[in-house]
Amino acid sequence: MKPIVFIRNNRGNAVVEFAFVLPLLLLLCFGITEFGRAWMTKSVLTSAAREGARLAAVTAPDVAAVTARVQAVCDAANVTPSAITVTPPDPADPDRKVTVRVETNFVVLSAKMLESFKGSVPMSSETTMRHEGL
């Protein structure tokens with residue numbers, strides 16, 4: 001008497017499981033990539049605002065020179081600022097603070113594949129330093 005052997009056909013299981021897992025893996029990979037890009041952009045904005053504020057704090061606050069310095073830092077990292085605001089120190093204020101604010105619109109590249117998400121995420125950084133000049 002021969003034993004009864006049940007043969008199962010498992011050929012399609014791997015394809016079905018991969019079809020379920022692939023969207024989650026892609027979402028995770030794109031999410032990590034975009035988070036890294038956003039972090040880098042925020043870091044560049046912070047550095048640019050600090051460079052501009054430092055220039056304005058140690059020299060006579062020339063708005064054009066400060067804007068050019070901020071733009072140079074942003075250009076080096078390929079970040080396009082949407083607004084650069086320089087607030088020179090008030091002579092009547094004893095603290096004589098100078099403030100530089102840099103703004104940009106962060107475009108999520110992965111979202112361009114999705115029709116439902118079109119737009120950008122506003123990011124900004126602001127640095128305030130005490131004017132050390134005269």
* **Atom of Thr127, atom of Ala49 and distance for their closest heavy-atom approach** => OG1-CB, 3.5 Å
* Asked: Under the side chain to side chain contact (heavy atoms under 4.5 Å, CB included) criterion, do Thr67 and Val86 qualify, and how do the steps go?
  -> CA-CA 8 Å; Thr67 303; Val86 180; 4.0 Å; yes
* To do: Please check if Val121 and Val79 belong to a single hydrophobic cluster, counting links between Ile, Leu, Val, Met, Phe, Trp and Tyr side chain heavy atoms closer than 4.5 Å.
  => yes
* Structure fact -> Of all heavy-atom pairs linking Val98 and Pro88, the shortest is CG2-CA, 4.2 Å
* Asked: So with a 6.0 Å cut-off around CG of Asp93, is the heavy-atom count from everything else above 12?
  -> yes
* Working for side chain to side chain contact (heavy atoms under 4.5 Å, CB included), residues Met129 and Arg54 -> CA-CA 7 Å; Met129 290 187 180; Arg54 185 66 186 150; 4.1 Å; yes
* Counting only heavy atoms not in Lys97, do more than 12 sit closer than 6.0 Å to its NZ atom? -> no
* Under a 4.5 Å cut-off applied to non-hydrogen side-chain atoms, are Ile32 and Leu28 in contact? -> yes
* Can you check whether Val44 reaches Ser47 side chain to side chain, under 4.5 Å on heavy atoms? -> no
* **Pairs where residues 67-89 contributes a residue and the test salt bridge (charged side-chain N to carboxylate O under 4.0 Å, His left out) is met, not counting sequence neighbours** => Glu51-Arg69
* What pairs with Arg37 under side chain to side chain contact (heavy atoms under 4.5 Å, CB included), at least two apart in sequence or on another chain? -> Glu34, Phe106, Leu109
* Pairing of Arg50 and Glu126 as salt bridge, 4.0 angstrom limit -> no
* Flag, side chain of His131 to backbone of Asp90, donor-acceptor distance under 3.5 Å -> no
* Asked: Are a donor atom and an acceptor atom from the side chains of Arg101 and Ser125 found within less than 3.5 Å of each other?
  -> no
* To do: Check Asp95 against Arg130 and note the closest heavy-atom contact, atom names and distance.
  => O-CG, 3.0 Å
* **Stepwise side chain to side chain contact (heavy atoms under 4.5 Å, CB included) check, Val100 with Val70** => CA-CA 9 Å; Val100 176; Val70 170; 4.0 Å; yes
* Structure fact -> Residues at least two apart in sequence or cross-chain that pass side chain to side chain contact (heavy atoms under 4.5 Å, CB included) with Leu25, listed by chain then number, are Val21
* Asked: For the residue pair Pro91 and Arg96, what are the closest heavy atoms and their distance?
  -> CA-NH1, 4.4 Å
* Structure fact -> Note: Ala56 and Val66 closest approach over all heavy atoms is CB-CG2, 3.7 Å
* Asked: Is there a path from Met40 to Val73 through hydrophobic residues (I, L, V, M, F, W, Y) whose side chains come within less than 4.5 Å of each other?
  -> no
* Is the closest side-chain donor-acceptor distance between Thr104 and Ser82 under 3.5 Å? -> no
* Of the non-hydrogen atoms in Asn105 and Ser120, which two are nearest, and what is the gap between them? -> CB-OG, 3.5 Å
